Number of protein chains: 2
Amino acid sequence: MSQRKHAVAETCPVARSVDLVGDRWSLLIVRDAFDGTRRFGDFQRGLGVARSILAERLRRLVEEGILAVQPASDGTSYQEYVLTPRGEQLFAVVVALRQWGEQQLFQPGEARSQLLERATGQELAPMQPRGADGQVLGAWQAVVRKPTAP
Amino acid sequence: MSQRKHAVAETCPVARSVDLVGDRWSLLIVRDAFDGTRRFGDFQRGLGVARSILAERLRRLVEEGILAVQPASDGTSYQEYVLTPRGEQLFAVVVALRQWGEQQLFQPGEARSQLLERATGQELAPMQPRGADGQVLGAWQAVVRKPTAP
DNA sequence: CAGTATCCCTCAAGATACTG
DNA sequence: CAGTATCTTGAGGGATACTG
């Protein structure tokens, strides 16, 4: 997905975005990153994606400046993947997808992942996206509103 | 994309959304639909997608309740593809992708498609999404804000 | 013009085994 | 544990010809 470019991507920002994160896994990786996931194995288990695919996706997300690599916060010599500012800006996209999925693709009583439980109507329960330092970035809210006046 | 399901899609609304519209073309078709495109040939020329692919995507988007088929508004006996309410709710997703693309993937002076010219900073110029009847749906605005208080 | 029917081909995705 | 290396598969995608 992210390799072969749309012709329209020259001028259309939506197409250009889709070229970068419009594949099966990238946005789910980003979603988990917002959720605090940082390590290879946690992404892998959380998503159920093949290791080779995950490795390639992570590499590309780093290339694109969406994730960055850090030394592990615990003692180990491994790496951690954290959102860059550019990656953090994808929060709006993830929230919009989540909101749409919640409203349109779930039955009222149907089970959904915990983080979404508090969502009600158009107003969305704030997530707690975390920055590279592990700090909560702030209580973002994504609001899509339709003003009264047409 | 839309056929093979993520395992996580059982409970994660983001994954479920990605399963439906997370392929290379669906969101671009929806984007064009917001723009007023309704006819097969116009989608085809606008996107540069293969006819067979476009036909399949349109069919699936109709199946999923994102687009609906209408008799052509001019005299002809052909069909038109218009957004359903469910499809219209995808506006937030398209806007978020557009906003991210604009801010992160374009150089300051770089050319981008006309509809986006007025976008400034976090505040986004309203698009004019049109409903099935051709009426402008209203001056939607998508705002992503970061409140002052963490 | 609006699709459908074929054919072909690439590459994303998965499984598995291997290494530091 | 955190990846890399390899192999295989199949579906997504493109081109083109055909039809009402």
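Chain letters run A, B, ... following the sequence lines, proteins first, then strands; residues in each count from 1. These figures come from a predicted structure and were not determined experimentally.
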> How close or far is atom P of dA12(C) from atom CD1 of Ile29(A), stated in whole angstroms?
Replying inline: 14 Å
> Think Arg57(B) has a side-chain N or O under 4.0 angstrom from the OP1 or OP2 of dG12(D)?
Replying inline: no
>> Does a side-chain N or O of Arg51(A) approach OP1 or OP2 of dT4(D) to a distance below 4.0 Å, or not?
In response: no
> Leu58(A) versus Val62(A): any side-chain heavy-atom pair under 4.5 Å?
Replying inline: no
>> Applying side chain to side chain contact (heavy atoms under 4.5 Å, CB included) to Arg57(B) and Asp23(B), what does each step give before you reach the verdict?
In response: CA-CA 10 Å; Arg57(B) 281 301 117 90; Asp23(B) 65 296; 2.5 Å; yes
> Nearest to the side chain of Ala50(B) - dG14(D), dT6(D), dT4(C)?
Replying inline: dG14(D)
> Starting at CD of Gln79(B) and ending at P of dC1(C), how long is that distance when rounded to a whole Å?
Replying inline: 16 Å
> How many Å lie between CZ on Arg24(B) and C1' on dC11(C), as a whole number?
Replying inline: 10 Å
> When the distance from CZ of Arg60(A) to P of dA13(C) is rounded to whole Å, what number comes out?
Replying inline: 8 Å
> With respect to the phosphate group of dG3(D), does any side-chain polar atom (N or O) of Arg59(A) fall under 4.0 Å of OP1 or OP2?
Replying inline: no
> Is there a Watson-Crick or G-U wobble partner for dG20(C) with both distances under 3.5 Å, and which nucleotide is it?
Replying inline: dC1(D)
> Which listed nucleotide (dG14(D), dG14(C), dC1(D)) is nearest to the side chain of Trp25(B)?
Replying inline: dG14(D)
> Is a donor-acceptor pair below 3.5 Å formed from side chain Ser52(A) to base dA13(C), judging by atom type as modelled?
Replying inline: no
> What is the minimum heavy-atom distance between Ala15(A) and Ala9(A), and which atoms define it?
Replying inline: CB-CA, 3.7 Å
> Does Arg59(B) pair with Glu63(B) as a salt bridge, N-O distance under 4.0 Å?
Replying inline: no
>> Measure CG/Leu54(A) against C1'/dA12(C) and give the value in whole Å, please.
In response: 14 Å
>> Of the options dG14(C), dG13(D), dA2(C), whose atoms approach the side-chain atoms of Ile53(A) most closely?
In response: dG14(C)
> Within this structure, what is the CG-to-C1' distance between Leu47(A) and dA12(C), rounded to whole angstrom?
Replying inline: 16 Å
> Could you state the CZ-P distance from Arg39(A) to dG3(D), rounded to the nearest angstrom?
Replying inline: 8 Å
>> What is the separation between atom CZ on Phe40(B) and atom P on dT19(D), rounded to the nearest whole Å?
In response: 18 Å
> dG3(C), dC1(C), dT4(D): which one has an atom nearest the side-chain heavy atoms of Ala55(A)?
Replying inline: dT4(D)
>> Categorize Tyr81(B) for me: base, sugar-phosphate, or nothing, with a 4.0 angstrom heavy-atom threshold over every strand shown.
In response: sugar-phosphate
> At under 4.0 Å between heavy atoms, what does Gln44(A) touch on the DNA or RNA strands: base, sugar-phosphate, or nothing?
Replying inline: nothing
>> How long is the straight-line distance from CD of Gln70(B) back to OH of Tyr81(B), given to the nearest 0.5 Å?
In response: 12.0 Å
